[in-house]
Amino acid sequence: MLLLPAAALCCLCSAMVATAAEELIQDQLSLTRRVGQSASFTCEQTQRCSSYVYWYQKKEIFTLILNINQRSGAVNKGFNHPQEDDFSAVNIQNGCELKIDKVKLSHSASYYCSCWKGDPHISVTVYFIFGSGTKLYVTDEPVVKPVVSVYPAASRAHLEGKSSLLCLASAMSPPLVQFSWKRQKEDGPLEELPPAEGEQLQLTQLGRGRSAAILTVRQPENATYKYICSVRHEGGTAEGPTQQEVPAPAASCPPETEPAVLAAQQQADLLPLDPLQPQSRVKLLCLLYTVLIVKSLVYCCGLSLLMSLRDDGPSTNYTD
């Protein structure tokens, strides 16, 4: 009896892994168009799909626009999308396209293609796969490539034998970018950074037209690498003007007290100095309470004086 849940779990995990590994390809990060221009969104590797390719529009939620039959090219718009008449779709080699003949401001959104993987009449394993999406910007602003800068970044990762690099992309339009890293060992060839060799944290839209990525890497012993930040953008790919070198970790073990010293120094760098020492704080609180008590006494004395003057005033009652 215990074998059935285990088998079902294995099938589910296989389907999830396949979904992550077999997404459809949308190479366009973004499209910038003016009102009245045309736009088209490409979706490739649709031969992985069973029959139909679906196109979604995402503003706040996903809304189905249409689907297209890969074999016949027939388009179905019967999903009650409010702008369905503005869209069309065609099959192309190794994929399909979603088209807008005349772009409107209301078309500003992200567009995703998707399909079913597998045939329910042949295989039990059927799941949905998606493309990465393309964002449409409807604006009169021109497309401007980013300016890329790379800096060494201090972090707690240094205590674990790791190094961090900060890549900043700025002054671009539209603001959507994608970061990647390359490395070079001394005089060796330039190569893509393997995913297992580093961890990347991407910080998007830091103010107007700015995004950043922090790369944390653990250098192998007895090796020195130089790293290049590459930023993908609608206007083209831009790279940092210089290579940042991350030295290999020292072979000898540091003294036992060094991590504690480094942690204290790092905390001191991150936190501003407190201008008030504990004793000064106590004195300041005592002075504050003294002032409040004196104010209360003055108020009570003044109120008592006014009441007494009111009671001792001249009488206004006269008798014959």
Side-chain angles (χ1 to χ4, degrees), residues 20-21 23 25-32 110 112 131-137 139 141-250 262-263 265-271:
E23 70 175 16
I25 297 177
Q26 291 183 259
D27 278 337
Q28 305 156 295
L29 281 177
S30 63
L31 280 178
T32 301
S110 295
Y112 294 82
S132 56
T134 301
K135 188 165 185 178
L136 175 63
Y137 293 91
T139 177
E141 294 184 4
V143 176
V144 180
K145 289 176 61 175
V147 177
V148 181
S149 304
V150 184
Y151 309 94
S155 69
R156 292 186 180 274
H158 284 283
L159 304 180
E160 303 173 358
K162 298 180 181 179
S163 299
S164 299
L165 295 175
L166 172 67
C167 182
L168 177 66
S170 59
M172 65 273 192
S173 179
L176 190 60
V177 293
Q178 186 179 57
F179 293 89
S180 62
W181 296 83
K182 299 177 183 179
R183 70 178 184 180
Q184 186 177 23
K185 181 179 179 182
E186 297 176 352
D187 295 331
L190 194 64
E191 60 182 14
E192 296 289 337
L193 178 66
E197 298 287 333
E199 300 175 0
Q200 177 177 280
L201 173 64
Q202 183 164 334
L203 310 173
T204 59
Q205 298 188 19
L206 304 174
R208 183 174 177 81
R210 286 187 178 183
S211 294
I214 299 176
L215 175 69
T216 302
V217 293
R218 182 186 293 275
Q219 283 282 47
E221 293 186 3
N222 303 322
T224 299
Y225 281 96
K226 292 182 179 180
Y227 291 85
I228 298 177
C229 178
S230 179
V231 180
R232 185 181 167 207
H233 184 260
E234 181 182 344
T237 301
E239 293 184 348
T242 58
Q243 297 178 338
Q244 282 292 335
E245 181 174 313
V246 177
L262 288 176
Q265 291 177 350
Q266 186 179 36
Q267 186 175 7
D269 292 338
L270 293 177
L271 299 177

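Computed from heavy atoms alone, side chains included, the values below leave out hydrogens, waters and symmetry copies. The first residue in the sequence is number 1, and the count goes up from there.
Note: L29 CG to S132 OG = 7.0 Å, rounded to the nearest 0.5 Å. The CG atom of L31 lies 11.0 Å from the CG atom of L176; values are rounded to the nearest 0.5 Å. Put simply, CH2 on W181 and OG on S230 are 10.0 Å apart, with the number rounded to the nearest 0.5 Å. Within the model, atoms CD of Q28 and NZ of K135 stand 15.5 Å from one another, a figure rounded to the nearest 0.5 Å. Separation of atoms CG (L165) and OG1 (T216) is listed at 8.5 Å; rounding is to 0.5 Å.
In this structure the side chain of T134 never reaches within 4.5 angstrom of the side chain of L136, judged on heavy atoms.
Between Q26 and Y112, the closest heavy-atom pair is OE1-CA, 3.6 Å. Across all their heavy atoms, S170 and R210 have their closest contact at CB-CG, 3.8 Å. Contact detail for A169 and V231: the closest heavy-atom pair is CB-CG1, 4.1 Å. G198 and V217 make their closest contact through CA-CG1, 4.0 Å (heavy atoms, listed as atom of the first residue, atom of the second, distance). The two residues L168 and S211 come nearest to each other via the heavy atoms CD1-O, 3.5 Å. For the residue pair V150 and G240, the shortest heavy atom distance occurs at CG2-CA, 4.5 Å.
Of the residues K145, H233, E141, the one that meets the side chain to side chain contact (heavy atoms under 4.5 Å, CB included) test with S173 is E141. Under the side chain to side chain contact (heavy atoms under 4.5 Å, CB included) rule, C167 has a single partner from V148, V177, I214, I228, which is V148.
Checked by atom type and distance alone, the side chain of S30 never pairs as donor or acceptor with a backbone atom of E234 at under 3.5 Å.
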Steps toward side-chain contact (heavy atoms from CB on, under 4.5 Å) verdict (Y227, L215) | CA-CA 10 Å; Y227 291 85; L215 175 69; 4.2 Å; yes
